[in-house]
**Q** 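What follows is a structure written as structure tokens; I'll ask about it next.
Chain identifiers are assigned alphabetically (A, B, ...) following the order of the sequence lines, protein sequences preceding nucleic acid strands; residue numbering begins at 1 within each chain.
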Amino acid sequence: MLKRLTTLAAALLVSTALHAEPVSGGRANVVIQPEPPSLMVGLVQNGPTQMVAGNIYEGLLRYDTDLEPMPQLAKSWEVSEDGLTYTFKLHDNVKWHDGEPFTSADVVFSADKFLRETHARLRTSLEHVESITAPDEATVVFKLKQPFGPFMGIFEVGTMPMIPKHIYEGTDYENNPANNTPIGTGPFKFEEWVKGSHIRLVRNEDYYEKGLPYLDEIYWHVIPDAASRAVAYETGVVDILPGGSVENFDVQRIAAMDNTCITDKGWEYFGPHSWMWLNNREGPTADKRFRQAVMYAMDREFAKSALWNDLGKIAHSPVSSSTRFFTDDVNKYDHDPEKAKALLDEMGYDGETVRLLPLPYGETWQRWAEAVKQNLGEVGINVEIVATDVAGWNQKLAEWDYDMAFTYLYQYGDPALGVARNYISSNIAKGSQWNNVEGYENPKVDELFAQAAVAVTKEERQQLYTEVQQILTEDVPVAWLLELGFPTIYRCNVKDLVTTAIGVNDGFKDAYIEE
Amino acid sequence: MLRFILMRLGKAAIILIAILILNFFLIHAAPGDPAAVMAGEAGAADEKFIADLRARFGLDKPLLTQLGIYLGGVLQFDLGFSYRQQMPVADLIFSRLPATLLLTMTAFVISLLLGTLAGVLASARVGKWSDTLISTLALLFYATPLFWAALMAVLLFSVTLNWLPGFGYETVGANYTGFRRVLDIGQHLILPATTLGLFFMAVYMRMTRASMLEVSQLDFVKTARAKGLRSGIIQRRHIFRNAMLPVVTLAGLQAGQLVGGAVLTETVFAWPGIGRLMFEALAQRDYNVLLGVFFVSSAMVLLFNLITDVLYRFVDPRIRVG
């Protein structure tokens, strides 16, 4: 294991080494999995769609790996003193891929009309917005109803992509024929999609940032089998394996190949945070002591090293360490079977069997469920693993038909965007597995999250979020597992591939291939 | 003969509708629906989003109404719309069909030719070392799980030796045309077609061998020998022809799988065909695509059964159709 780690560390070092001037030309061959249903990111926001569409569409901002905003379609911005007015100045000479000019009217249409209707996640954030106006062609003003702390964090391409008004206004969005030939402002244009085989994008010659992008074209290869994706890299058919392309146990082997670099950067915005849902409503899991016992019983260090090849971090808090307002000052649950047994004795657990749903996303999750079953068995908890496929898993969670279930959710950089939804009681509703599925209710937590979202200063927000993290780690509404690491593997001569907090999803605008 | 074929076609149409109805209920009995899966892939959804999706797919209607709409469509040769792929199902299936037919036909021809040839050779040298070798190989192919054989073939011929491409239909981005493209597709075809054909190759071999040996013991063969016919003629005209009957039955079975039977191979080798389409549609609960693939592949099975029955008559004129 130690040797493997050294290899990985060496590879990480190489990837950050200094490099020469960018050169134009060349092709990127990338794996895409599964095949996206559509590339129209305004309508479909699943992972593969975002990954390809991030080259075609753009948002107003990008975020660096510390989640600080960077210019994209907006070249500058101002926030008023009271935190209610956000004014964006747009980049000059931006054109849609069909040659039409991009203006502030497109921004108003995208944010106020199109995405409010189609984008579930953005819709929730936009509820804080009173008006979106365009005083002139190059200026857009967002006025808020009350201050909203994470507001500057909702402008990346996956959250608020810009949609061409001249193509979509007044049409039936879902059935617009233009959905098959996406038109954006991004560095690459859609060229061809052979279903089941590949998607091809080509350089946007009229891109507004001079000299960019460097690459001539990008091929996204659709390869359904994880072993075949590894073979595709080994045989040189593809040069870039985005995070999650190959099974975890293959990562080290492939990263050790010649001329191969690996980076775990580019996930800071998403902050994939994994936990086990624990059903707070009924059964043994409804008892706080049982839930704490589960935390003590699990050997998360083992899971991290054996199943995740030491990628990722142990999750000590409901907030990821890359997300804003994370605090380390909470009750930590180290592997301690004795404490777990004591808690179970205290509550009088009678050995009732609990059902555990693994995540049907590949081998690693199956093995992880087995490891948890064994850990819990060691302290006397009987676990039955219930196998499902993706559709069945979705349904069981949405209908609360489980005792414990693996999952991971994105945090989107701010607790108000990606954390609060899992713990506030107003978010308990059957039918969706991205809300408070565990059924946790605590008025104090509700209040703290509500205050923190609209607090104006950072200090105030930090204080409120620290308190909420302390309460949650005491109550253990869910059993936190890991902050997942999804490393991107690529040939070392591909440079500047991952430069922002959303990694390859941000497109290949800066990437170039060294001769 | 014509009347026979027409009657069989009529029966086939009724069976096909029955299969469709059965499949419809089976698929809908599985937990989960496409709206939930699509929302799951998006990583976030509120009730409005999921309700909108269900309404778009017509999933909010009663099940029988959905069935009625679907059957009504099929009778007008409309297989519906794919939620997931945003395309009419018929277009989707017909765009994928050529790749599957190329793969399964090649596997079919390879396995039938090589299998019977090996079987004849083995039976002619029964008990000798070449018979033992062929029989052992056949047993090995027969017992090897398809996915394992496929992975090992890729490991050996693509990763280690780098002789053949390990997946895909053609070299993406090479833009070959004409003969160069045919050659390229051919190279990509070798590994999947061979692994797909291995199992049936073994079956044909064993069946041919056993059948040849059995027929060679029959009285009419003894008579032919007694008449002093040369053994080559006896082998070809008397034994082989009669021994082929069970092989034809089996070939009919394999031919029935030409459309839907390559799920694993197509997935492992990233072959853009029907089998993979079906597999993905199942995982995504893309009901219309699943039903469409089932429909087309059941139609093929029925068709090949008919062809097999007719073929019997040509192999052995004593068999009558009726």
Side-chain angles (χ1 to χ4, degrees), chain A residues 27 29 34-38 40 44-49 117-121 123-124 174 179-180 194-198 200 217 219 221-225 227-232 234-237 270 360 388-396 398 409-410 418 421 429-435, chain B residues 30-53 56 82-87 92 95-96 99 147 150-151 154-155 158-159 162 165-173 264 266-273 276-277 279-280 282-286:
Chain A
R27 172 205 293 177
N29 286 294
E35 186 162 24
S38 157
M40 207 306 168
V44 180
Q45 285 98 33
N46 75 16
T49 299
E117 201 166 307
T118 60
H119 198 314
R121 180 159 55 84
R123 180 159 56 221
T124 322
E174 300 280 354
N179 294 344
N180 296 324
V194 179
K195 295 253 174 169
S197 172
H198 64 273
R200 181 177 179 223
E217 54 185 352
Y219 276 89
H221 299 251
V222 182
I223 305 170
D225 182 66
S228 303
R229 293 194 285 276
V231 169
E234 289 172 276
T235 53
V237 175
F270 302 115
T388 57
D389 69 347
V390 175
W393 178 84
N394 276 319
Q395 184 170 351
K396 276 189 185 297
L409 270 77
Y410 289 170
R421 57 178 176 166
K430 270 197 182 176
S432 163
Q433 53 276 47
W434 300 276
N435 53 28
Chain B
D33 66 39
V37 175
M38 282 181 81
E41 289 174 338
D46 47 13
E47 284 98 293
K48 177 186 180 310
F49 183 75
I50 293 187
D52 284 356
L53 282 178
R56 258 181 78 206
S82 163
Y83 319 129
R84 162 80 190 191
Q85 311 254 10
Q86 305 278 318
M87 264 173 95
L92 201 56
S95 72
R96 294 288 189 95
F147 72 92
L151 289 175
V154 170
L155 201 59
S158 303
V159 180
N162 210 3
F167 61 90
Y169 178 76
E170 57 186 313
T171 310
V172 166
L264 250 166
E266 287 186 0
T267 305
V268 172
F269 288 99
W271 194 261
R276 207 177 111 196
L277 185 68
F279 181 69
E280 283 163 9
L282 180 69
Q284 292 145 355
R285 296 291 188 275
D286 197 342

**Q** Where on R229(A) is there a heavy atom nearer than 4.5 Å to chain B: the side chain, the backbone, both, or neither?
**A**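 Neither part; nothing is under 4.5 Å.
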
**Q** Under 4.5 Å from any heavy atom of chain B, what part of S228(A) do you find: side chain, backbone, both or neither?
**A** both

**Q** Between K430(A) and chain B, with a heavy-atom cut-off of 4.5 Å, which part of the residue counts as in contact: side chain, backbone, both or neither?
**A** backbone

**Q** Could you give the distance from CE (M87(B)) to OG (S38(A)), rounded to the nearest 0.5 Å?
**A** 13.0 Å

**Q** Are any of the side-chain heavy atoms of V172(B) and H221(A) separated by less than 4.5 Å?
**A**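 V172(B) vs H221(A): side chains touch.
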
**Q** Does some side-chain heavy atom of P224(A) sit less than 4.5 Å from a side-chain heavy atom of R276(B)?
**A**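 Yes, at least one pair of side-chain atoms sits under 4.5 Å.
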
**Q** Find the one option among S197(A), A232(A), G236(A), P360(A) whose heavy-atom pairs under 4.5 Å with chain B are most numerous.
**A**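 Heavy-atom pairs under 4.5 Å are most numerous for A232(A).
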
**Q** Please classify the contact of T118(A) with chain B as side chain, backbone, both or neither, using a heavy-atom distance under 4.5 Å.
**A**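 Contact with chain B: backbone only.
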
**Q** How far apart are the closest heavy atoms of V268(B) and D225(A), and which atoms are they?
**A** CA-CB, 3.9 Å

**Q** For A391(A) versus P31(B), what's the shortest heavy-atom pair and its separation?
**A** CB-O, 3.8 Å

**Q** Where do Q85(B) and K195(A) come nearest, in terms of heavy atoms and distance?
**A**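 What the structure gives for the nearest pair is O-NZ, 2.9 Å.
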
**Q** Would you check, one step at a time, whether the test side chain to side chain contact (heavy atoms under 4.5 Å, CB included) holds for R285(B) with D389(A)?
**A** CA-CA 10 Å; R285(B) 296 291 188 275; D389(A) 69 347; 2.8 Å; yes

**Q** With a 4.5 angstrom heavy-atom cut-off, which part of E280(B) approaches chain A: side chain, backbone, both or neither?
**A** side chain

**Q** For the residue pair F167(B) and V237(A), establish whether any side-chain heavy-atom pair is separated by less than 4.5 Å.
**A** yes

**Q** Is there side-chain contact between P34(A) and R84(B), with heavy atoms separated by less than 4.5 Å?
**A**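 Counting from C-beta outward, P34(A) and R84(B) do come under 4.5 Å.
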
**Q** Taking side chain as everything from C-beta outward and backbone as N, CA, C, O, which of these in P36(A) sits under 4.5 Å from a heavy atom of chain B? Side chain, backbone, both or neither.
**A** backbone

**Q** At a heavy-atom separation under 4.5 Å, does L151(B) approach chain A through its side chain, its backbone, both, or neither?
**A** side chain

**Q** With a 4.5 angstrom heavy-atom cut-off, which part of E217(A) approaches chain B: side chain, backbone, both or neither?
**A** neither

**Q** For Q86(B) versus E174(A), what's the shortest heavy-atom pair and its separation?
**A** OE1-O, 4.4 Å

**Q** Select, from R27(A), H119(A), K396(A), the one with the greatest count of heavy-atom pairs under 4.5 Å involving chain B.
**A**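 The candidate making the most pairs under 4.5 Å is R27(A).
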
**Q** Counting only non-hydrogen atoms closer than 4.5 Å, does A398(A) touch chain B with its backbone (N, CA, C, O), its side chain (CB onward), both, or neither?
**A** neither

**Q** Side chain, backbone, both or neither: which part of Y410(A) has an atom under 4.5 Å from a heavy atom of chain B?
**A**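 Looking at Y410(A), nothing touches chain B.
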
